[in-house]
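Bear in mind that the values here come from a model prediction, so they are computed numbers and not experimental data. Numbers here simply count residues along the sequence, with the first being 1. One-based numbering, in listed order, for ligands and for the atoms of each.
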Amino acid sequence: MAVDYEWFKGEVYKLTKIDLNAYKEKQMKRRIDTLISKTECKGYDQYMDLIKKDQTARETFITYLTINVSEFYRNIDQWNLMDKQMVPELINKFGKNLKIWSAACSTGDEPYTIVMLLSNHIPINQINIMAWDIDTVALAKARAGVYDDKEVKAVPAEMKKKYLSQEPGGKWRVSDEVKKRVNFKQADLLREPYPKDYHLIVCRNVLIYFTEEAKDEIFRKYYDALAPGGVLFIGSTEQIINYKEIGFIRKSSFYYEKPM
Ligand SMILES: C[S@@+](CC[C@H](N)C(=O)[O-])C[C@H]1O[C@@H](n2cnc3c(N)ncnc32)[C@H](O)[C@@H]1O
């Protein structure tokens, strides 16, 4: 059967409900072609047969295409601004029962970072983070909460002492006290209905893989999901070009507020 990438995208959607049309095509196709070239499969049809039959191959495919690299305190300057400015302002406006959403949380490094950082401002048992990701393999690691040295290297020493413990093999385990504050959920940002009245939405290093149309739709949905005065926090290399048109106030290149 002569099949092409268009056909493959359709089959992927039927199988996984992941809509590859929403991701930047050149980059995504290149990744998928590289992955297929590392298998015995001769083309999209053979590879599709494989991921239909073999659950491990299917999970490998989803994990590979969703690119779930993450780190605790990734881009430290952003977290410093969150600590010094964003969080005090949010507490001023809304009090300490903040509704917080880590929208593409990957292996958990980001929502656990938020808990640690907020624990400087709010009693830890009052913190609640909703954390979504499309990738079940990344979420399994997030729930386990065990990390390599490299992933936790930027955690400030006092936080490391308080909330991480080193296991005999050298890995780092996040304390139950921190884990309990995060509610992980498998969800696709393109399909799942968004919640309402959130005070802080953190969405970093995922929309860079999306087409301009998909990105625009998601930014508008975040705007609707925020309470007036709420904040959207995006990645250090990202920006919302049409923020004014959506209705946001730009506080910095990565920090946008919905007017009160
Ligand atoms: C590079 S990681 C970013 C993790 C974290 N936000 C950070 O900045 O360190 C991108 C994550 O987005 C997730 N993702 C990709 N497409 C998604 C979608 N449609 N819905 C939800 N999550 C998605 C991937 O599974 C991956 O875990």
| What residue and atom, counting heavy atoms only, is the protein's closest point to atom 12 (O) of ligand 1, and at what distance? | Val206 CG2, 3.2 Å

| query | Strictly by modelled atom types, are Asn242 and Asp216 linked by a side-chain donor-acceptor pair under 3.5 Å? | reply | yes

| message | Taking the basic N atoms (NZ, or NE/NH1/NH2) and the acidic carboxylate oxygens, is any pair closer than 4.0 Å for Lys171 and Glu151? | response | no

| request: On the 0 to 90° scale, with breaks at 30° and 60°, tag the Phe72-Tyr112 ring pair as parallel, tilted or perpendicular. | output: parallel

| field | Nearest protein heavy atom with distance in Å, relative to atom 24 (C) of ligand 1 | value | Thr66 O, 3.2 Å

| task | Considering the heavy atoms of Asp188, write down every atom of ligand 1 situated less than 4.0 Å from one of them. | result | 18 (C), 19 (N), 20 (N)

| Any idea which atoms of ligand 1 are less than 4.0 Å away from a heavy-atom of Ala187? | 20 (N), 21 (C)

| said: Closer than 4.0 Å to some heavy atom of Arg74 - which atoms of ligand 1 meet that? | reply: 7 (C), 8 (O), 9 (O)

| request: Measure the acute angle between the ring planes of Trp101 and Tyr222, then classify it against the limits of 30° and 60° as parallel, tilted or perpendicular. | output: perpendicular

| task | Would you kindly specify which portion of Phe72 sits under 4.0 Å from ligand 1, judged on non-hydrogen atoms: side chain, backbone, both or neither? | result | neither

| Proximal ligand 1 atoms for Ser106, defined as those under 4.0 Å from one of its heavy atoms | 4 (C), 27 (O)

| request: Examine the proximity of ligand 1 to Ser70 and report which part, side chain or backbone, both or neither, has a heavy atom under 4.0 Å away. | output: both

| query | Taking distance alone, with no angle check, do Glu110 and ligand 1 share an N/O pair under 3.5 Å? | reply | yes

| request: Considering heavy atoms of the protein only, find what lies nearest to atom 8 (O) of ligand 1 and give residue, atom and distance to 0.1 Å. | output: Asn205 ND2, 2.7 Å

| At what distance is the nearest protein heavy atom to atom 27 (O) of ligand 1, and which residue and atom is it? | Asp133 OD2, 2.7 Å

| said: I need the nearest protein heavy-atom contact for atom 1 (C) of ligand 1: residue, atom name and distance, please. | reply: Ile67 O, 3.0 Å

| message | Students should be able to answer this: which protein heavy-atom is nearest to atom 20 (N) of ligand 1, and at what distance? | response | Leu189 N, 2.9 Å

| query | When only distance counts, is Ala104 in polar contact with ligand 1, meaning an N/O pair under 3.5 Å? | reply | yes

| said: Quick check: Phe61 with Tyr47 (ring centres under 6.0 Å apart)? | reply: yes

| request: Provide the number and element of each atom of ligand 1 under 4.0 Å from a heavy atom of Asp135. | output: 25 (O)

| message | Tell me the protein heavy atom at minimum distance from atom 17 (C) of ligand 1, and give that distance in Å. | response | Tyr23 OH, 3.4 Å

| message | Quick check against the 3.5 Å criterion: does Tyr147 have a side-chain atom that pairs as donor or acceptor with the backbone of Thr107? | response | yes

| field | Check: Asp149 and Trp172 side chains under 4.5 Å, non-hydrogen atoms | value | yes

| field | Check: Lys221 side chain, Tyr194 main-chain N or O, donor-acceptor pair, under 3.5 Å | value | no

| Do His199 and Asn97 get their side chains close enough for a donor-acceptor pair, meaning under 3.5 Å? | no

| task | Report yes or no: do Thr63 and Asp135 form a side-chain donor-acceptor pair below 3.5 Å? | result | yes

| request: Starting from atom 22 (N) of ligand 1, locate the nearest protein heavy atom and write down its residue, its atom name and how far away it is, to 0.1 Å. | output: Ile134 N, 3.3 Å

| query | So, Thr113 side chain and Tyr73 main chain: donor-acceptor pair closer than 3.5 Å or not? | reply | yes

